[in-house]
Amino acid sequence: MIFLIVILLGLIIGFLYVRYFPIWGVACMNEPSSSINCLTVVDVRDYTQSYKDSDHESVHIPVGYLKRYFHEVPGEAVHIIASNSLERNISIRFFRRRGFNVTGYTLTDCACG
């Protein structure tokens with residue numbers, strides 16, 4: 001019985017870690033860094049949010065569709081545009097697991113600080 005409780009507790013902690021624990025080593029930027037020439041901007045916001053303020057060339061893939069369409073992202077260096085920290089955390093961890101170099105992120109709902 002205690003073994004089942006420990007496994008269940010481990011799964012809950014792992015789930016919360018992936019969604020809410022911040023990622024170290026990825027900087028918040030208001031604009032993508034132009035120093036990397038093969039940088040791809042990936043917008044992981046919902047389509048209803050991303051079409052309103054699409055100022056730059058970016059690949060629009062909502063978080064829920066990353067697993068299905070991540071192969072459409074060209075290049076190795078990625079800059080993430082997300083609307084909140086949950087989308088940011090999930091997408092950065094997803095791209096890192098797939099071997100992408102995540103150079104930074106931009107949150108549209110709040111400024112970097």
Side-chain angles (χ1 to χ4, degrees):
M1 182 67 175
I2 192 78
F3 182 70
L4 185 62
I5 293 172
V6 169
I7 289 177
L8 184 61
L9 187 61
L11 289 173
I12 291 172
I13 289 173
F15 176 77
L16 293 174
Y17 173 80
V18 167
R19 295 176 75 88
Y20 300 110
F21 194 76
I23 291 105
W24 298 98
V26 181
C28 180
M29 301 177 215
N30 289 330
E31 288 296 321
S33 175
S34 60
S35 63
I36 300 175
N37 55 359
C38 61
L39 180 69
T40 304
V41 177
V42 180
D43 193 344
V44 296
R45 297 177 292 169
D46 190 48
Y47 288 122
T48 58
Q49 292 177 336
S50 65
Y51 86 91
K52 292 178 185 175
D53 53 316
S54 176
D55 296 336
H56 38 68
E57 292 292 320
S58 63
V59 179
H60 299 284
I61 305 174
V63 173
Y65 295 99
L66 280 177
K67 195 177 286 187
R68 189 179 310 163
Y69 295 110
F70 80 92
H71 62 276
E72 295 179 2
V73 177
E76 296 292 322
V78 175
H79 180 87
I80 304 292
I81 297 178
S83 62
N84 56 38
S85 62
L86 179 66
E87 289 177 351
R88 174 200 65 193
N89 292 341
I90 291 174
S91 61
I92 290 174
R93 284 193 174 94
F94 179 85
F95 280 114
R96 279 187 169 176
R97 275 190 305 243
R98 300 302 191 277
F100 288 89
N101 177 22
V102 181
T103 60
Y105 64 89
T106 301
L107 291 178
T108 58
D109 288 349
C110 60
C112 295

Chemist: Please round to the nearest 0.5 Å and tell me the distance separating atom CD1 of I80 and atom CD of E87.
Modeler: 10.5 Å
Chemist: Could you walk me through whether R96 and I23 pass the side-chain contact (heavy atoms from CB on, under 4.5 Å) check?
Modeler: CA-CA 11 Å; R96 279 187 169 176; I23 291 105; 3.3 Å; yes
Chemist: What heavy-atom pair brings I90 and R19 nearest, and what distance separates the two atoms?
Modeler: CD1-NH1, 4.1 Å
Chemist: Under the ring pair (Phe, Tyr, Trp, His ring centres under 6.0 Å) test, which residues partner Y20, sequence neighbours left out?
Modeler: none
Chemist: Of all heavy-atom pairs between P74 and T40, which one has the smallest distance, and what is that distance?
Modeler: O-OG1, 2.5 Å
Chemist: Please round to the nearest 0.5 Å and tell me the distance separating atom CZ of F94 and atom CG of L66.
Modeler: 5.5 Å
Chemist: Please name the pair of heavy atoms, one in S83 and one in T108, separated by the smallest distance, quoted to 0.1 Å.
Modeler: CA-OG1, 3.3 Å
Chemist: State, yes or no, whether a side-chain contact exists between R88 and P22 at a heavy-atom distance under 4.5 Å.
Modeler: yes
Chemist: Can you tell me how the ring of Y47 sits relative to the ring of Y65, calling it parallel under 30°, perpendicular over 60° and tilted otherwise?
Modeler: tilted
Chemist: Minimum heavy-atom separation for S85 and L107, please, with both atom names.
Modeler: N-CD2, 4.2 Å
Chemist: Please report the closest heavy-atom contact between V26 and G104, naming both atoms and the distance.
Modeler: CG1-CA, 3.7 Å
Chemist: Are any non-hydrogen side-chain atoms of N89 and V18 less than 4.5 angstrom apart?
Modeler: no
Chemist: Supply the atom-to-atom distance D43 CG to S91 OG, rounded to the nearest 0.5 angstrom.
Modeler: 10.0 Å
Chemist: Using the side-chain hydrogen bond (donor to acceptor under 3.5 Å, both in side chains) criterion, which residues pair with N84? Sequence neighbours excluded.
Modeler: none
Chemist: Following the transitive rule for hydrophobic clusters with a side-chain heavy-atom cut-off under 4.5 Å over Ile, Leu, Val, Met, Phe, Trp and Tyr, establish whether F21 and F95 coincide in one cluster.
Modeler: no
Chemist: Think R93 forms a cation-pi with Y17, using NZ or CZ under 6.0 Å from the six-ring centre and within 45 degrees of its axis?
Modeler: yes
Chemist: Please determine whether residues I5 and L16 belong to a single hydrophobic cluster, defined as Ile, Leu, Val, Met, Phe, Trp and Tyr linked transitively by side-chain heavy-atom distances below 4.5 Å.
Modeler: no
Chemist: Closest heavy-atom contact between L39 and H79?
Modeler: CD1-N, 3.8 Å
Chemist: Looking at CD1 of I2 and CD1 of I7, how far apart are the two atoms once the value is rounded to the nearest 0.5 Å?
Modeler: 11.5 Å
Chemist: Is V42 reachable from L86 through a run of hydrophobic residues whose side-chain heavy atoms are each under 4.5 Å from the next?
Modeler: yes
